[in-house]
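Below, read A as the first sequence line, B as the second, and so on, with proteins coming before strands; counting in each chain starts at 1.
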Amino acid sequence: MTEKPPAPTWVKVFAIVAVLVALVVVALLLAGHGPGEHFG
Amino acid sequence: MTMPPGVRKAALVTHVGCSVGWLGAIATSLVVAAVGLASADDRVVRAAYLLLEPIGWVALVPLSLASLATGLVQSLGTSWGLFRHYWVVAKLVMNLLAVGVLLLYTQTLGNLADLAQTATTAELRSPSPVVHAAAAAALLLVALVLSVYKPRGLTGRP
């Protein structure tokens with residue numbers, strides 16, 4: 001059985017940035033800045 | 001199944017053309033959205049929000065779908081594969097995310113175009129199109145960098 005190669009550093013940085021962006025988007029949506037914000 | 005060299009080149013040209021065209025359409029949207037947000041002229045503000053909807057349907061949506069489709073052809077038809085290299089997987093995820101958000105956002109662009117005919121300029125102005133266009137531009141620029149530099153890293157999938 002071949003072992004899976006470790007992910008390069010850039011992939012880990014990408015993953016961390018993606019999670020942070022996702023958290024910001026979730027926070028914005030929870031704060032009421034979602035679709036329909038300007039349409040009553 | 002790998003494509004013969006001539007077909008592969010043609011597929012690559014099509015993919016780059018669609019993707020760069022998409023980036024250009026996003027840049028256009030960003031400029032129009034910024035004009036709508038910042039202009040002091042009431043007619044210009046209304047025109048900007050009316051214009052964003054056709055830019056979305058005529059340029060952004062077709063080019064984004066074409067970029068996704070040609071990207072799939074390019075990866076599946078060459079030795080790069082779709083899930084073999086991290087940079088290809090990253091581009092696929094970003095493309096799917098951008099297309100999904102864009103398709104949802106067309107509804108907002110339609111609402112803004114409707115508002116442009118009835119609402120006051122103060123009610124109409126919204127930073128939302130600027131934020132979305134800027135985020136999309138950033139995402140596509142990252143995808144462009146990945147495409148050119150092709151950073152190393154195999155996922156371990158065949």
Let me check something: do [X] and [Y] share a hydrophobic cluster, defined by ILVMFWY side-chain heavy atoms less than 4.5 Å apart, either directly or through other members?
X	Y	result
Leu112(B)	Val31(B)	no
Ile26(B)	Val35(B)	no
Val73(B)	Leu65(B)	no
Tyr86(B)	Val17(A)	no

Can you say whether Leu146(B) sits under 4.5 Å from chain A via the side chain, the backbone, both, or neither, judging by heavy atoms? side chain
Where on Val93(B) is there a heavy atom nearer than 4.5 Å to chain A: the side chain, the backbone, both, or neither? neither
Could you give me the CA-CA distance, side-chain angles and deciding distance for Val11(A) and Trp87(B), then say whether side chain to side chain contact (heavy atoms under 4.5 Å, CB included) is met? CA-CA 8 Å; Val11(A) 175; Trp87(B) 72 269; over 6 Å; no
Please check: side-chain N/O of Trp10(A) versus main-chain N/O of Arg152(B), any donor-acceptor pairing under 3.5 Å? yes
Looking at every heavy atom in both Pro8(A) and Gly153(B), which two are closest together, and how far apart are they?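 What the structure gives for the nearest pair is CG-CA, 3.5 Å.
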Can you list every ring-ring contact (aromatic ring centres under 6.0 Å, His included) pair that touches residues 136-158 of chain B, not counting sequence neighbours?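 Checked against ring-ring contact (aromatic ring centres under 6.0 Å, His included) - neighbours excluded - no pair reaches residues 136-158 of chain B.
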